[in-house]
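What follows is a set of notes on a single structure, which appears directly below.
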Amino acid sequence: MLKFFLSSAMLSAAVVTQAVILEIAESEMRSYKVNEPVTFTLTAKEDSGEKLSAGKYKLYFRDSGGKNYRNAITVDVAKNNPFTVTTQLDRPGFIFLTPSALTMPDGKKIQWKRKTPEPFGGAAVEPEKIRTGGKKPADFDQFWREGLKQYAQVPVEVVPAPELKRKGYNCYHVKVSFPDTSGQIYGFLAIPQKPGKYPAVVSVPGAGPGSPGLYTAFAPEKTPTILLTMNVHPFKAAKNMTEQRKLYNEYVKQFANGVYAHSNAHDRNKYFFRNVWLAISRAIDYTAGREEFDGKNFAATGGSQGGATALAMAYLNKNISCVAANIPAMCDHHAWKADRLESWPKFHRTLKGKADAVAPYYDVAFFAQSIKVPVFIGVGYVDVTTPPATVYAAYNNLPGPKEIMPLYRIGHGATAELFKKANAFLTREMKK
């Protein structure tokens, strides 16, 4: 069950005195057909488990997180708790249920205090038929080919990192400088100490401060593996996460609203992720050129920003043999054209159209069209950061072997089962 909480302090004038939970469940956890009825049951409770007996809120019905597709209804907890509602979509997409503030009997409005910004419910309607809201630029491939040429001979600096301790591995610091001298990115490399040939995995953290050490989103089970971690920021990683966050917080002060992913979004040649992605691809080339690499098994993995990067690497780099990406960001930037919620970093809504011409060159759904290696993707059905419709827009473009794992009650996150399946996928694919 999805659970969201109200702070007890906000309920001082209300009927209840404890935190309040709203639980919601669709009748079946599966994909529905267009115009097929989907039933949701909502139950408002005290934290103790006792059902609430007062309060009202409006319930909105949004198609794929975008526009309302039917009129809102008012739920009177005193009369209907649990409350059951049936709805449907007339096109492929996702049903999102979103509540308004709760109005208590004394007239006080209380905002639902949520741990995450996800809506309360989500159900898929023929998601396999979802298509991108925009079109791939005619010179998309040429644009990235030219970038790869510029990075083909860029040196990769690798120096020992004795402070990094990983049993059975030799660890290194990695640095790739941009050929236009505008910056660089840093990372870590771990090589098994025992002589031999090994598969490799590259991972990139989700959006935020990055990692102060080796980070692996997913990896083959019980298999010695070359590990490459790449951060996206121009500063060298700190010794611990506390210091890493300090460096990051200072770094992002230069960006509007602290969002580095919007940097130079008006210029496709200067946009933040152009140099970053090309530099990561160059680090992959270096790793694949080492004598310890087995020459054929190189996985790209990550979640959110890292998931987008993993798919981008499968397009950009011939060494990538498979991908495991959870809740990948940067898919279907022009979803707004189809009245759907767009994915992080939400160019159109946040930048008010200033990045609309550049966004398609960094749309993972268009990278996906040329990815022929096996791909595993996780998708959160109540995720508004990387909405499920945007993930499916990319997934449906993949021409090669692929599998997707629905996370029915999960927003922008993962589950233990997701990690288990992603690791098993890599184990299988990297033994071929």
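All heavy atoms count here, side chains included; hydrogens, waters and symmetry mates do not. The structure displayed is predicted, hence computed values, not measured ones.
With a 4.5 Å cut-off on side-chain heavy atoms, Ile377 and Val391 count as touching. The shortest side-chain heavy-atom distance between Tyr169 and Ile191 does not fall under the 4.5 Å cut-off. Looking at heavy atoms from C-beta onward, Val232 lies in side-chain contact with Phe272 at the 4.5 angstrom threshold. Side-chain contact check for Leu189 versus Tyr286: some heavy-atom pair is nearer than 4.5 Å.
In Lys402, the NZ atom is crowded: over 12 heavy atoms of neighbouring residues, nucleotides or ligands sit closer than 6.0 Å. More than 12 heavy atoms of other residues, nucleotides or ligands shown are found within 6.0 angstrom of CD on Gln254. Heavy atoms of other residues, nucleotides or ligands lying less than 6.0 angstrom from CG of Asn257 number 12 at most.
A cation-pi geometry, defined here as NZ or CZ lying under 6.0 Å from the six-membered ring centre and within 45° of its normal, does not hold between Arg290 and Phe293. Relative to the six-membered ring of Phe347, Arg349 misses at least one condition, a distance below 6.0 Å or an angle of at most 45° to the axis. With Tyr60 as the aromatic partner, Arg62 meets the cation-pi criteria of under 6.0 angstrom to the ring centre and within 45 degrees of the ring axis.
Contact detail for Leu426 and Cys322: the closest heavy-atom pair is CD2-SG, 3.8 Å.
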Discussion item. Using side chain to side chain contact (heavy atoms under 4.5 Å, CB included), reason through Phe40 and Leu97 one step at a time and then give a plain yes or no.
Written reply: CA-CA 9 Å; Phe40 295 89; Leu97 301 187; 3.5 Å; yes

Worksheet item: Between Asn269 and Tyr361, does a side chain to side chain donor-acceptor pair (under 3.5 Å) hold up when you go through it step by step?
Response: CA-CA 10 Å; Asn269 292 306; Tyr361 292 93; over 6 Å; no

Item to complete: Give the C-alpha distance, both sets of side-chain angles, the deciding distance and a yes or no for side chain to side chain contact (heavy atoms under 4.5 Å, CB included) between Glu429 and Asn297.
Response: CA-CA 8 Å; Glu429 292 300 329; Asn297 295 300; over 6 Å; no

Discussion item. Let's go through Tyr151 and Asn275 carefully: what are the C-alpha distance in whole Å and the side-chain angles of both, what is the deciding distance for side chain to side chain donor-acceptor pair (under 3.5 Å) to 0.1 Å, and is it a yes or a no?
Written reply: CA-CA 9 Å; Tyr151 272 77; Asn275 279 328; 2.7 Å; yes

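To the nearest 0.5 Å, atom OH of residue Tyr32 and atom CD of residue Glu126 are 13.5 Å apart. Rounding to the nearest 0.5 Å gives a distance of 11.5 Å between CD1 of Ile327 and CD of Gln305.
Taking a cutoff of 4.0 Å between a charged side-chain nitrogen and a carboxylate oxygen, Asp332 and Arg340 qualify as a salt bridge. Electrostatic pairing of Lys431 and Glu221 does not count as a salt bridge here, judged by no charged N lying under 4.0 Å from a carboxylate O. The existence of a salt bridge linking Asp63 and Arg91 is confirmed by a sub-4.0 Å separation between a basic side-chain nitrogen and an acidic carboxylate oxygen. Look at Asp139 and Arg268 and you find a salt bridge, because one of the NZ, NE, NH1 or NH2 atoms lies within 4.0 Å of a carboxylate O, short of that distance.
Checked by atom type, the side-chain pair Ser304/Trp344 shows no donor-acceptor distance below 3.5 Å. Side-chain contact of Glu163 with His173: a donor-acceptor pair under 3.5 Å is present, judged by distance alone.
When the side-chain hydrogen bond (donor to acceptor under 3.5 Å, both in side chains) test is applied to Gln142, the partners found at least two apart in sequence or on another chain are Glu146. Listed by chain and residue number, nothing satisfies the side-chain contact (heavy atoms from CB on, under 4.5 Å) test with Lys135 (two or more places apart in sequence, or in another chain).
The side-chain contact (heavy atoms from CB on, under 4.5 Å) with Pro360 is formed by just one residue from the set His334, Lys136, His333; it is His334.
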